[in-house]
2 protein chains.
Amino acid sequence: MKARNGRGRSGAGRYRSPGTNSGVMEEGNKITINDVAKAAGVSKGTVDRVLHDRGEVSQKSREKILKVIKELGYRPNFYASILASRKNYLISCIIPEFNNGEFWELTEKGIDQGREYAGRFGISINAVLYDQYDLESFQDACEKVLASRPSGVVIAPMFRNETLKFVKELTENHIPYVYIDSKLEDDGYLAYYGMPMYQSGYLCADILTDGRDVRKVHVIRIARDKRGLSDPTLTRRTGLVDYISEHYPDCDVENTFIDPKSREERYRKLDEMFASDPDPDKYIVMCNSRVHFVAEYLRDRGIRSCRVVGFDVLEKNVSALKDGYVQALIAQHSDRQAASAITAITDYLILHSGPQKKDNYTQMDILNKYNCDYYL
Amino acid sequence: MKARNGRGRSGAGRYRSPGTNSGVMEEGNKITINDVAKAAGVSKGTVDRVLHDRGEVSQKSREKILKVIKELGYRPNFYASILASRKNYLISCIIPEFNNGEFWELTEKGIDQGREYAGRFGISINAVLYDQYDLESFQDACEKVLASRPSGVVIAPMFRNETLKFVKELTENHIPYVYIDSKLEDDGYLAYYGMPMYQSGYLCADILTDGRDVRKVHVIRIARDKRGLSDPTLTRRTGLVDYISEHYPDCDVENTFIDPKSREERYRKLDEMFASDPDPDKYIVMCNSRVHFVAEYLRDRGIRSCRVVGFDVLEKNVSALKDGYVQALIAQHSDRQAASAITAITDYLILHSGPQKKDNYTQMDILNKYNCDYYL
DNA sequence: TATTTTTCCGTTACCGCACACGGAATTAAA
DNA sequence: TTTAATTCCGTGTGCGGTAACGGAAAAATA
């Protein structure tokens, strides 16, 4: 059981022992723009011009400089760069508005985290919220963002066509954008951070059924009049249904629609559901973030015989988990998605490097009453 | 459902509308050292002296400058700072050595992530490995690290007494250090990143038993001659046992010791275990990262009737999960722990700010065959 | 060929900070 | 009082870039 490599044992410490050029530390790269200029026989102004494609450089010099840059392995020092060019980068985030305790609040938290990171590089972040049920407000938001001439955009798309129109404009203005939550089928985006929706439904079904003898699964859904707006949880429901029909061919999947705005209405619907089927051991799923609606009902009715699975780490959901009205929660960490999105754009602006992966499917964490405390 | 705040709707874009002083953006802080100097009626050299406690400043000037700094809310620009002071910060990490596919490899991955972050701030990272079963090699490592005069240290402690001695020296030299994986009872550390061990055992038992009628739980352990070295999984086992005795008072917990170095020996022990108890439906737990040993055995023996739970996202463990020889894995993401540790020290060195929380218990992710793909 | 335009490039002044250097003012020693 | 030692502080240079400015060389036009 020897050390796999000698890194620790040898040069212990000194981060660049003189004469050593082992690439391990990759930090000794002290080649400056002046070195490049000298080696290319030009002035640093010229080098800077090719570095930023500012033109006014002869083809010959340009090639020479590019060659030298590659040979020397020159990489600009971005402290100096940021210091000298006092640009005001701005990244705008377009997300649905929300009330306290709702899903998109998590995303905003992530934006705050991202702001902290970006702030270190002199990049500011602003969030533009829109009503996810109101097309016009979305268009409004897009216009405002465009008007603010951002250096990058993070967007959680809800309206397909309008979003496509919007990102087309971004592309024309060479503004990089990254999708969070869900993405569209264009491929001009810099990156995407979201949950694998189909798989999350599949996973959810597995946790719900858990090898038991399940005859019926109740899917509770939000009654909404969708007017061309995309429902991201649709795919999730497909995954759920697929799992059931693969593993429990005789199991029914029944939909119940509830109203997010009226508690009485919800109770009535759920009462009906329970009345229609005498078996008190029910398997219940909610594919969006509002499983706390179900938990609230169960708590009030004193029903503890159901197995309930939901999504997302909302405070209300977690407390339902702790109280035992919900057995498991699947978390997608939309905060981390937002933060990663901002980080990706920041790095793109500062380091001129794209993210390693374009499509990033964040992990699906399974929470139960014993580990939920550690998810904030 | 109106926007919770008007941020998005109002100033849409402009990152600092003139006249607005809302702290939200916290970026507009353009007060330089020169502004401070002017306001205090001294030169920037003097301001610099008090900023760095370099002395040679009269009490009177010092106080005045400090006052002005506070009043103006001056915060140094750390690009300029790093650029001007070409210091060579070094963070050393002391962790156990490992072979490919073993637990500590994850930690090293995290160190690499941390290196990328720290590298941006001109900070280099080096890793010093030690044999976790050899006290002397640990002492060796500590000495080497001390000799390299690091600006900060990350340490995964295995030997209690020696570690305490070591961190005492660090403290004397004003070198900040952070614990990962486990921590000791001193409190001079800058931060700690690790898993809540007791809770992880408790959680593990919950997942293993899963509401079933469990009569006996088999805990597989590594036979090791411990000579005063601390076993971090001990606490985990305690949590496990506590859960069982709380929820399954009639359930036995039986230990089986296997040898990590000899497969035959392992098979023999496990054969014995299966022979001793005719019931093929066994509940098996391994409290360290090597549940793949059990999976390997089950695969070879063609046994599929057991419920097995283990820890950590090693490649072998994940494939056992996929193949169905292990039902669940609890992940502690030691990579993230290491990366966070490095980030914490980096921020401390650059921003002079400690981490928000000193003790950070990372989340315990539950992996099964349907979500494991998204954990790398 | 003389003049204008275009193309291309070097020079230079910062950006905000760190730190060396040298000098004025004050105090101690002679 | 003269000289030496302290104490305190301002100035200046450079870190590695950015970008404005102006001018020389080459090309186009007269």
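Protein chains get the first letters and strands the later ones, always in sequence-line order, with residue 1 at the start of each.
Between Pro355(B) and Tyr193(B), the shortest heavy-atom distance links the atoms CB-OH, 4.1 Å. Pairing each heavy atom of Lys358(B) with each of Tyr189(B), the nearest pair is CE-O, 2.9 Å. A pairwise comparison of heavy atoms in Val128(A) and Val145(A) identifies CG2-CG2, 3.7 Å as the closest pair.
For dC9(C), one of the phosphate oxygens OP1 or OP2 lies less than 4.0 angstrom from a side-chain nitrogen or oxygen of Ser58(A).
The CD-P distance, from Glu56(A) to dG23(D), rounds to 16 Å in whole Å. Distance NZ (Lys60(B)) to C1' (dT26(C)): 14 Å, rounded to an integer number of Å. In this structure, Asp53(B) atom CG and dA18(C) atom P are separated by 13 Å, rounded to whole Å.
A side chain to side chain contact (heavy atoms under 4.5 Å, CB included) with Ile180(A) is found for one member of Thr362(A), Ile155(A), Ile342(A), Thr107(A) and no other, namely Thr107(A).
Asn173(A) places no side-chain N or O within donor-acceptor distance of the main-chain N or O of Leu170(A), the cut-off being under 3.5 Å.
Arg115(B) has a carboxylate O that lies under 4.0 Å from a charged side-chain N of Asp112(B), or vice versa, which qualifies the two as a salt bridge.
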Where do N or O atoms of nucleotides 11-20 of chain D meet protein N or O atoms at under 3.5 Å, pair by pair?
unit_1: dC15(D); atom_1: O2; unit_2: Ala84(B); atom_2: N; d: 3.4
unit_1: dG16(D); atom_1: N2; unit_2: Ala80(A); atom_2: O; d: 3.4
unit_1: dG17(D); atom_1: OP1; unit_2: Tyr74(A); atom_2: OH; d: 3.2
unit_1: dG17(D); atom_1: OP1; unit_2: Asn77(A); atom_2: N; d: 3.2
unit_1: dG17(D); atom_1: OP2; unit_2: Ile33(A); atom_2: N; d: 2.7
unit_1: dG17(D); atom_1: O5'; unit_2: Tyr74(A); atom_2: OH; d: 3.1
unit_1: dG17(D); atom_1: N7; unit_2: Lys44(A); atom_2: NZ; d: 3.2
unit_1: dG17(D); atom_1: O6; unit_2: Lys44(A); atom_2: NZ; d: 2.9
unit_1: dT18(D); atom_1: OP1; unit_2: His52(A); atom_2: NE2; d: 2.6
unit_1: dT18(D); atom_1: OP1; unit_2: Ser81(A); atom_2: OG; d: 3.3
unit_1: dT18(D); atom_1: OP2; unit_2: Asp48(A); atom_2: OD1; d: 2.1
unit_1: dT18(D); atom_1: O5'; unit_2: Asp48(A); atom_2: OD1; d: 3.4
unit_1: dT18(D); atom_1: O4; unit_2: Lys44(A); atom_2: NZ; d: 3.4

